[in-house]
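Every value quoted in this text rests on a predicted model; they were computed, and no experiment measured them. All residue numbers refer to positions in the sequence shown, counting from 1.
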Amino acid sequence: MASADPPVPHRVRRLAFVVVVLLLVVAGLVVAAEFLARGIVADTVRDQVRAGLAVDSSTPIDVEVAGRSVLLQVLSGRLERVTAEASEVTFGDLSGDVRLRASGVPIDGEGTADEVDLAVTIPESDLLGLSKNLSGLPITEVTVERPDVRFSVEFDVLAFTLPLSVTVTPEAVDGALAFTPSSVTLGEQTFTAAELRTTFGSLAESALDTQDLCIAEFLPEALALESLEVGSADLTLRFGGSDVALSERALSTVGSCGG
């Protein structure tokens, strides 16, 4: 009959218990440090977004740090990927939801981020803020008719007031939103912008007198308006930049429109 294994000495069992406890303590400290680092980083990014986009202090900003351990990223001095989101951010007469993505973000806030992409989505319900840029006449409604935007006004012709709607094509031009009239519906007749001018002359100019809307002046200079997408019920403006400086001075220096 084989003999039983000798009992593990009491001292060895105690040593194993101490090692396990120490490992658990170290693991707990690492988790706590990771949690603390994540919170500090999120607060720092949130402050930078508020400064760069002039977001009101009462507006919540959701921040997510992706990639490997945040603690390791902090120790390396750079964050791999950061996403920040906020709703109803105001840009002049417009407001929309923003989503910012950045990569290679320096921890100290004084260097440059490798890439920054910003999407601003303006819902159809908020497009009435474009009124003074779309026509010289009072606008009653603005709707999205992909890939264009249509606005409605009342047009006075020879003592008669007729319903008029103008379809404009929005595009990004030199940091601004530009609106080009493409068709006009007056009563039950549809004209091109050129035909309306030919038919009604100077009377048509007030309806077709669209103006560009400068967006660049509300954002850091390093973020350029790159494109505009007309959705089913919204407009999305996309901005981007490489080697974007994140110092307080750089974030407070806004862009301008023009060539």
Side-chain angles (χ1 to χ4, degrees), residues 45-46 48-57 59 61 82-102 112-113 115-136 139 141-151 166-182 208-259:
V45 171
R46 196 172 286 113
Q48 289 178 314
V49 172
R50 287 197 193 282
L53 302 182
V55 178
D56 187 86
S57 59
T59 301
I61 301 177
V82 174
T83 300
E85 297 181 341
S87 300
E88 299 183 0
V89 178
T90 300
F91 300 91
D93 295 322
L94 293 178
S95 63
D97 299 337
V98 302
R99 180 181 178 87
L100 182 145
R101 295 176 177 174
T112 60
E115 298 286 341
V116 175
D117 297 299
L118 173 69
V120 180
T121 300
I122 306 167
E124 186 178 66
S125 58
D126 289 335
L127 289 179
L128 203 57
L130 291 170
S131 293
K132 67 182 182 182
N133 300 91
L134 292 177
S135 176
I139 292 177
E141 183 180 26
V142 180
T143 57
V144 175
E145 295 186 0
R146 194 174 185 179
D148 300 314
V149 172
R150 177 183 290 269
F151 63 87
V166 181
T167 300
V168 296
T169 301
E171 57 182 336
V173 179
D174 294 331
L177 286 181
F179 307 97
T180 304
S182 56
L208 299 175
D209 184 22
T210 60
Q211 301 179 31
D212 295 349
L213 173 62
C214 184
I215 299 294
E217 62 187 18
F218 301 108
L219 295 168
E221 187 176 27
L223 295 181
L225 177 59
E226 297 179 334
S227 65
L228 180 150
E229 178 183 341
V230 181
S232 58
D234 55 39
L235 296 182
T236 297
L237 313 179
R238 299 191 180 279
F239 304 81
S242 301
D243 297 324
V244 177
L246 299 179
S247 66
E248 183 176 349
R249 179 178 179 180
L251 292 176
S252 62
T253 302
V254 298
S256 60
C257 296

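- No side-chain N or O of Arg101 forms a donor-acceptor pair with one of Thr83 less than 3.5 Å apart.
- Applying the 6.0 Å contact sphere to CD of Glu88 captures no more than 12 heavy atoms from other residues, nucleotides or ligands.
- Residue Arg50 qualifies as enclosed at atom CZ: its count of foreign heavy atoms under 6.0 Å is above 12.
- Distance check, rounded to the nearest 0.5 Å: CD of Glu124 to CD of Glu141 gives 7.5 Å.
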Could you give me the CA-CA distance, side-chain angles and deciding distance for Ile139 and Leu128, then say whether side-chain contact (heavy atoms from CB on, under 4.5 Å) is met?
CA-CA 8 Å; Ile139 292 177; Leu128 203 57; 4.1 Å; yes
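- Between the Thr253 side chain and the Arg249 main chain, a donor and an acceptor come within less than 3.5 Å of each other.
- For Ser182 (side chain) and Thr167 (main-chain N/O), a donor-acceptor pair under 3.5 Å exists by modelled atom type.
- The distance from the CG atom of Leu118 to the CZ atom of Phe239 is 6.0 Å, given to the nearest 0.5 Å.
- Contact record, Pro147 with Pro170: O-CD, 3.9 Å, taken as the closest heavy-atom pair.
- How far CG of Asp212 is from CG of Asn133: 8.5 Å, rounded to the nearest 0.5 Å.
- The distance from the CG atom of Leu127 to the CG atom of Leu94 is 7.5 Å, given to the nearest 0.5 Å.
- Side-chain N/O atoms of Thr236 and Thr121 include a donor and acceptor closer than 3.5 Å.
- Taking all atoms of both residues into account, the shortest heavy-atom contact from Pro123 to Asp234 is CA-CB, 3.9 Å.
- To the nearest 0.5 Å, atoms OG1 (Thr210) and CG (Leu130) are separated by 11.5 Å.
- No donor-acceptor pair closer than 3.5 Å links the side chain of Arg150 to the backbone N or O of Thr143.
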Please assess Leu219 against Leu53 for the test side-chain contact (heavy atoms from CB on, under 4.5 Å), listing each intermediate value before the final yes or no.
CA-CA 6 Å; Leu219 295 168; Leu53 302 182; 3.3 Å; yes
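- Proximity of Val120 to Phe218: side-chain heavy atoms (C-beta onward) are nowhere separated by under 4.5 Å.
- What you find for Cys214 and Ser256 is that their closest heavy atoms are SG-C, 4.3 Å.
- Nearest heavy-atom pair, Leu177 versus Leu237, reported as atom, atom and distance to 0.1 Å: CD2-CD2, 3.5 Å.
- Within the model, atoms CD of Gln48 and OG of Ser247 stand 9.5 Å from one another, a figure rounded to the nearest 0.5 Å.
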Before giving the answer on side-chain contact (heavy atoms from CB on, under 4.5 Å), spell out for Val166 and Phe179 the whole-Å C-alpha distance, their side-chain angles and the decisive distance to 0.1 Å.
CA-CA 11 Å; Val166 181; Phe179 307 97; over 6 Å; no
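- Of all heavy-atom pairs spanning Pro220 and Ala250, the tightest one is CB-O, 4.3 Å.
- Here the closest non-hydrogen pair linking Val116 and Ala102 is CG2-CB, 4.0 Å.
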I'd like to know whether Asp174 forms a side-chain contact (heavy atoms from CB on, under 4.5 Å) with Cys257, so could you lay out the CA-CA distance, the side-chain angles of the two residues, the decisive distance to 0.1 Å, and finally the verdict.
CA-CA 6 Å; Asp174 294 331; Cys257 296; 5.6 Å; no
